Trainee: 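One structure follows; several queries about it will come next.
Labels below follow one simple rule: chain letters A, B, ... track the order of the sequence lines, proteins then strands, and each chain is numbered from 1. Because the structure is a prediction, the values reported are computed rather than measured.
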Amino acid sequence: MIEIAAMIALGAASLAVLLNLYRLLAGPGIADRILALDTLTINAIALVVIFGILFGTGMYFEVALLFAMVGFLGTVALCKYLLRGNVIE
Amino acid sequence: MLLMAELVIAAFILGGAFFLLVGSFGLAKLPDTMRRLHGPTKSTTLGIGCLLIASMIHFLAERGAPSVHELLITLFLFLTAPVSAHMIAKAHILLDRPARRALPDTGQGDGWATLAAPSRTAGETAGRTRQRAV
């Protein structure tokens, strides 16, 4: 049962990644693209977590944690650059 | 594994997948940036929280020992999602002219801090005094 649910969740997360890629390419503003990148990172974390459940290994949690940290740092750095013209003042 | 645990895990996985999909659909479908912020910040965060809870119950039922990694990831994501949404909204207000015009008055002497020019004075004077002290 868990396998079937995980397969459905994999399909849904992949569809979500495709929708994010559409917004990343088509987004009219820079803020839209940054938001799409942020959401793309969260969806990648979801995919990693589902694969961890499916394969039954706890090896993927470090990957997910690193994805979360790098995604947050990237979003904040891009926004900070847009807001202040500089990342570290 | 217990049937009950399997049912709960499958329900959490399906709920998480649904909310992930709703968040990304909102990001792709909603008409302007401020409304598009709602999908990823609320729905996607809830979805990833559900998935991580499912993962936690799964490893608890499989190995008999609770795993704390998921709690760490959940805490980090739930703390950082509002911050990044706030930063993106500020950048959008600064860059988008109609959004800037639609802002209400602050009701105080100062205007919106987001729109103020980056003030060099505070940082430079601090640097200067620090240099003098050295």
Trainee: Quick one, B:Val83 and A:Phe72 - any side-chain contact, counting heavy atoms below 4.5 Å?
Mentor: yes
Trainee: With a 4.5 angstrom heavy-atom cut-off, could you sort out which part of A:Glu62 is near chain B: side chain, backbone, both or neither?
Mentor: side chain
Trainee: So what's closer than 4.5 Å to chain B heavy atoms on A:Ser14: side chain, backbone, both or neither?
Mentor: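 Neither part, no heavy atoms under 4.5 Å.
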Trainee: Could you check if a side-chain atom of A:Leu82 sits within less than 4.5 angstrom of a side-chain atom of B:Leu94, using non-hydrogen atoms only?
Mentor: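 Sidechains of B:Leu94 and A:Leu82: no contact.
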Trainee: With only heavy atoms counted, which part of A:Tyr22 is less than 4.5 Å from chain B, the side chain, the backbone, both or neither?
Mentor: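 Looking at A:Tyr22, just its side chain touches chain B.
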Trainee: Using non-hydrogen atoms only, which part of A:Ala36 is less than 4.5 Å away from chain B: side chain, backbone, both, or neither?
Mentor: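 Both parts, backbone and side chain.
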Trainee: Let me know if A:Leu40 has heavy atoms under 4.5 Å from chain B in its side chain, its backbone, both or neither.
Mentor: neither
Trainee: Looking at side-chain heavy atoms only, is the closest gap between B:Leu27 and A:Leu19 below 4.5 Å?
Mentor: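 Contact flag for B:Leu27/A:Leu19 side chains = no.
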Trainee: Is A:Leu18 close to chain B through its backbone or its side chain, or both, or neither, when contacts mean heavy atoms under 4.5 Å?
Mentor: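 Interface part for A:Leu18: neither.
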Trainee: Do A:Leu35 and B:Pro40 come close enough that some side-chain heavy atom pair is under 4.5 Å?
Mentor: yes
Trainee: Using a cut-off of under 4.5 Å for heavy-atom pairs, which of A:Ala5, A:Ala26, A:Gly52 has the most such pairs with chain B?
Mentor: A:Ala5
Trainee: Do A:Met1 and B:Leu3 have side chains that get closer than 4.5 Å, going by heavy atoms?
Mentor: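 Side chain of A:Met1 against side chain of B:Leu3, heavy atoms only: contact under 4.5 Å found.
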